[in-house]
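Numbers for residues simply follow the sequence, beginning at 1. Keep in mind that what you see is a predicted model, and the values were worked out from it rather than measured.
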Amino acid sequence: VAQDRRLALEAVSPGMGGFGRLLANVIVMGGGVLSRAFLEAYKQALKNGGQAAASASKAGAKAQTAFHAEARLILNVEEKATAEQIKEAHEKLTTMNDPAKGGSLYLNTKIVNARDVLLQKDEEPKAEAKAEAKAEEKK
């Protein structure tokens, strides 16, 4: 490292004077510090072995549950509500809160998002069942 620094200083110093030496010194020293920090971070990531990813997926699952609970509260439907009940509640609330008639655009957006979250939840098991059926057909 010392030889690299000396070579960098000699290459920069003839035309730039003291500032060139300082700049070269900062670049070489900074590169060494960054490479050591990167190496330590990499070692730590290998040591953890994916624990961070597992905890992040658990947190994501909890957040999904919270989204569904909030969506049910917004639309005022039960946990086992059918797609028809969800669509009916959405239609009723959007009619009551029409922005063209003085309703809140913010609330209307929350209602639409709540409907989308709950209907998407209903469609996921159906999509999984279709995928499993196709997999069994191929066997």
Side-chain angles (χ1 to χ4, degrees):
V1 174
Q3 186 177 5
D4 291 339
R5 186 183 316 151
R6 193 175 327 115
L7 290 175
L9 289 174
E10 289 173 3
V12 176
S13 61
M16 298 189 74
F19 178 72
R21 284 189 178 152
L22 177 66
L23 181 63
N25 211 357
V26 167
I27 291 171
V28 171
M29 293 298 287
V33 169
L34 285 176
S35 64
R36 281 191 294 272
F38 178 77
L39 185 60
E40 284 299 316
Y42 185 72
K43 286 180 183 177
Q44 187 67 31
L46 289 177
K47 183 178 173 184
N48 286 341
Q51 292 173 352
S55 65
S57 70
K58 288 179 184 176
K62 288 180 183 177
Q64 280 290 61
T65 304
F67 289 142
H68 292 294
E70 182 181 2
R72 285 192 304 277
L73 286 172
I74 290 169
L75 293 179
N76 194 26
V77 293
E78 295 180 9
E79 190 170 346
K80 307 256 187 219
T82 65
E84 188 61 38
Q85 291 171 327
I86 292 168
K87 289 176 184 176
E88 184 179 310
H90 165 262
E91 186 65 34
K92 178 182 173 186
L93 290 172
T94 52
T95 302
M96 289 173 34
N97 190 44
D98 188 7
K101 297 178 183 175
S104 169
L105 181 60
Y106 172 76
L107 290 178
N108 200 35
T109 304
K110 298 270 292 180
I111 293 166
V112 170
N113 288 338
R115 178 205 59 195
D116 293 345
V117 165
L118 292 176
L119 291 179
Q120 182 181 20
K121 176 184 157 191
D122 288 342
E123 292 172 2
E124 286 175 3
K126 293 176 187 174
E128 289 175 6
K130 286 180 183 178
E132 289 176 6
K134 285 183 182 180
E136 288 182 17
E137 288 176 6
K138 290 181 181 180
K139 291 181 182 178

Q: Counting only heavy atoms not in D98, do more than 12 fall under 6.0 Å of its CG?
A: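 Atom CG in D98 is crowded, with more than 12 foreign heavy atoms closer than 6.0 Å.
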Q: Distance-only check: which donor-acceptor pairs under 3.5 Å involve side-chain atoms of residues 32-43, not counting sequence neighbours?
A:
from: S35; atom 1: OG; to: G31; atom 2: O; distance (Å): 3.2
from: S35; atom 1: OG; to: G32; atom 2: O; distance (Å): 2.9

Q: Given side chains that start at C-beta, do those of R115 and I111 come closer than 4.5 Å, heavy atoms only?
A: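 R115 does not reach I111 side chain to side chain.
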Q: Any chance you could measure L75, atom CG, to K92, atom NZ, to the nearest 0.5 Å?
A: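 Those atoms lie 11.0 Å apart.
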Q: Taking atom CD as the centre, does Q85 end up with more than 12 heavy-atom neighbours from other residues, nucleotides or ligands that are less than 6.0 angstrom away?
A: yes
Q: Please find the pair of heavy atoms, one from H68 and one from L118, that lie closest to each other, and give the distance.
A: O-CD2, 3.9 Å
Q: For residues 99-109, dump all side-chain donor-acceptor pairs below 3.5 Å to protein atoms at least two apart in sequence or in another chain.
A:
from: S104; atom 1: OG; to: Y106; atom 2: N; distance (Å): 3.3
from: S104; atom 1: OG; to: L107; atom 2: N; distance (Å): 3.2
from: T109; atom 1: OG1; to: L105; atom 2: O; distance (Å): 2.8

Q: To the nearest 0.5 Å, how far apart are CG in L93 and CD1 in I74?
A: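 Atom-to-atom, L93:CG and I74:CD1 are 9.5 Å apart.
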Q: Contact between K87 and L119 at the side-chain level, heavy atoms closer than 4.5 Å - yes or no?
A: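 K87 reaches L119 side chain to side chain.
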Q: Nearest 0.5 Å please: distance from the CG atom of L73 over to the CD atom of E70.
A: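 With rounding to 0.5 Å, CG (L73) is 7.5 Å from CD (E70).
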